[in-house]
Peer 1: 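Just dropping this structure here.
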2 protein chains.
Amino acid sequence: MRLTTKGRYAVTAMLDLAFYSQDKPVTLTEIAARQTISLSYLEQLFARLRKAGIVQGVRGPGGGYQLNQDAKKISIGAIVEAVNEPLDSTKCGGEANCQHESMCLTHDLWMGLSEHIESYLTNITLADLLAKGDERRNAEQMGESVVKIRRTRKKS
Amino acid sequence: MRLTTKGRYAVTAMLDLAFYSQDKPVTLTEIAARQTISLSYLEQLFARLRKAGIVQGVRGPGGGYQLNQDAKKISIGAIVEAVNEPLDSTKCGGEANCQHESMCLTHDLWMGLSEHIESYLTNITLADLLAKGDERRNAEQMGESVVKIRRTRKKS
DNA sequence: CAATAGTTGACTATTCTACTAGGTTAAGTA
DNA sequence: TACTTAACCTAGTAGAATAGTCAACTATTG
């Protein structure tokens, strides 16, 4: 399990999507505006999320993206894993035989750590995070300043 | 907290160091041989670890590196943090004001996750991992095949 | 049909990773 | 004192990952 800014972008976008797509699909353009993530980068991330079956694209006017599953079923770990490429997990793939015995010792220990974090992230769902957000949103009203931005694209 | 292969290299090397430096300093050349990590890359990692006060260098023949603190005091989180550069933590530094209110919502949630993982890694020490290794090493004798390698360096 | 919006792919700049190459300094040993 | 050892330091570099642009599609709605 790798933890980088790419995963954070994906989780941020998914939280936004889960929050705003309760009645209708949300366009990436909206998410890009709200979360200040570039539209094209979002497109890349959501292409992976769609292939992983986490979100569903709806084409045409009024379209956008929706969750493909219940927010209670979508784990943070799944989101992070979807956008990161597999990571060849050290020279000795999995539990293979390393030349140096002490190597695999430390390697196993690191894998143990990694698996712990992975299982932690897998046991937190989008719904959990949304609930935490609701708590926080009691006092301060949540702003709805959806700035209409236009895609940076030249006309042909 | 970023979790990448760089951190794993550092933890692997530190485990090796903690294990073998109980009576005398351990040279990076030895660690490089045992863990199959390039010597010069280890030098870079240990330069950071030394600046962080985690290890101590001993110069001259018979020199090498030692732990600068008790293995019980050295956390995995500290090792990982020492070798990674600070990471500018999103556009809004810390708890600063973002333009879009919803941004900071999701941002806060991610920071919460990140802090959890950080505290987990901070609460595991080198000594803990060494103990786990001892358990494992009961049945299978640990090999001591220290291959003598020479530094890849041209003579002037 | 036209507008909307997703889908796809190619292409770019920057940063990080992992490593190579070499030089300098400090400390033991012959 | 000369030699060896090994830390310490600086610079460079191929390749991967990150973050993003640009442009051409395709499917759907009105």
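Being a predicted model, the structure only gives us computed values, none of them experimental. The figures that follow rest on heavy atoms only: side chains count, while hydrogens, waters and symmetry mates do not.
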Peer 1: Does B:Arg34 count as lying over the ring of B:Tyr20, i.e. NZ or CZ under 6.0 Å from the six-ring centre, within 45 degrees of the axis?
Peer 2: yes
Peer 1: Below the 4.0 Å mark, does C:dA5 have OP1 or OP2 next to a side-chain nitrogen or oxygen of A:Thr29?
Peer 2: no
Peer 1: I'd like to know if the side chain of B:Asn123 and the backbone of B:Ser119 have a donor-acceptor N/O pair within less than 3.5 Å.
Peer 2: yes
Peer 1: Could you give the CG-to-P distance, from A:Asn84 to D:dA16, as a whole number of Å?
Peer 2: 17 Å
Peer 1: Rounded to the nearest angstrom, tell me the gap between atom CZ in B:Phe46 and atom P in D:dA7.
Peer 2: 9 Å
Peer 1: Using atom CZ of B:Arg50 as one end and atom C1' of D:dA7 as the other, report the distance to the nearest whole Å.
Peer 2: 8 Å
Peer 1: B:Gly53 and B:Gln69: which non-hydrogen atoms are nearest, and at how many Å?
Peer 2: O-NE2, 3.0 Å
Peer 1: If you look at every strand shown and take non-hydrogen atoms under 4.0 Å, does B:Tyr65 touch a base, only sugar-phosphate, or nothing?
Peer 2: sugar-phosphate
Peer 1: Quick one: A:Leu3 CG to D:dT18 C1', roughly how many Å, whole number?
Peer 2: 16 Å
Peer 1: Under the rule for salt bridge (Lys or Arg N to Asp or Glu O under 4.0 Å), what residues qualify as partners of B:Lys73, not counting sequence neighbours?
Peer 2: none
Peer 1: So, do A:Met14 and A:Leu67 sit near enough that their side-chain heavy atoms are less than 4.5 Å apart?
Peer 2: yes
Peer 1: Between P on D:dG12 and CD on B:Glu43, what's the gap in Å once rounded to a whole number?
Peer 2: 18 Å
Peer 1: According to the interplanar angle, ranging from 0 to 90°, do the rings of A:His116 and B:Tyr120 count as parallel (below 30°), tilted (30 to 60°) or perpendicular (above 60°)?
Peer 2: parallel
Peer 1: Does any N or O donor sit under 3.5 Å from an N or O acceptor when you compare the side chain of A:Gln44 with the base of D:dG20?
Peer 2: yes
Peer 1: Separation of B:Arg2 atom CZ from D:dA17 atom P, in whole Å?
Peer 2: 14 Å
Peer 1: How close or far is atom C1' of C:dA18 from atom CG of B:Leu42, stated in whole angstroms?
Peer 2: 11 Å
Peer 1: Does A:Tyr41 put a side-chain nitrogen or oxygen below 4.0 Å from OP1 or OP2 of D:dG20?
Peer 2: no
Peer 1: Suppose the criterion is salt bridge (Lys or Arg N to Asp or Glu O under 4.0 Å): which pairs have a residue in residues 46-66 of chain B, not counting sequence neighbours?
Peer 2: B:Arg48-B:Glu85
Peer 1: Please report, rounded to the nearest Å, how far the P atom of D:dT21 is from the CG atom of A:Leu39.
Peer 2: 9 Å
Peer 1: Which nucleotide in the set D:dT18, D:dA7, C:dA18 lies at the smallest distance from any side-chain heavy atom of B:Thr5?
Peer 2: C:dA18
Peer 1: Would you indicate, yes or no, if C:dT17 has its OP1 or OP2 atom less than 4.0 angstrom from a side-chain nitrogen or oxygen of B:Thr4?
Peer 2: yes
Peer 1: Below 3.5 Å between N/O atoms, which protein atoms pair up with nucleotides 27-30 of chain D? Just atom names and distances, please.
Peer 2:
unit_1 : atom_1 : unit_2  : atom_2 : d
D:dA27 : O4'    : A:Arg59 : NH1    : 2.4

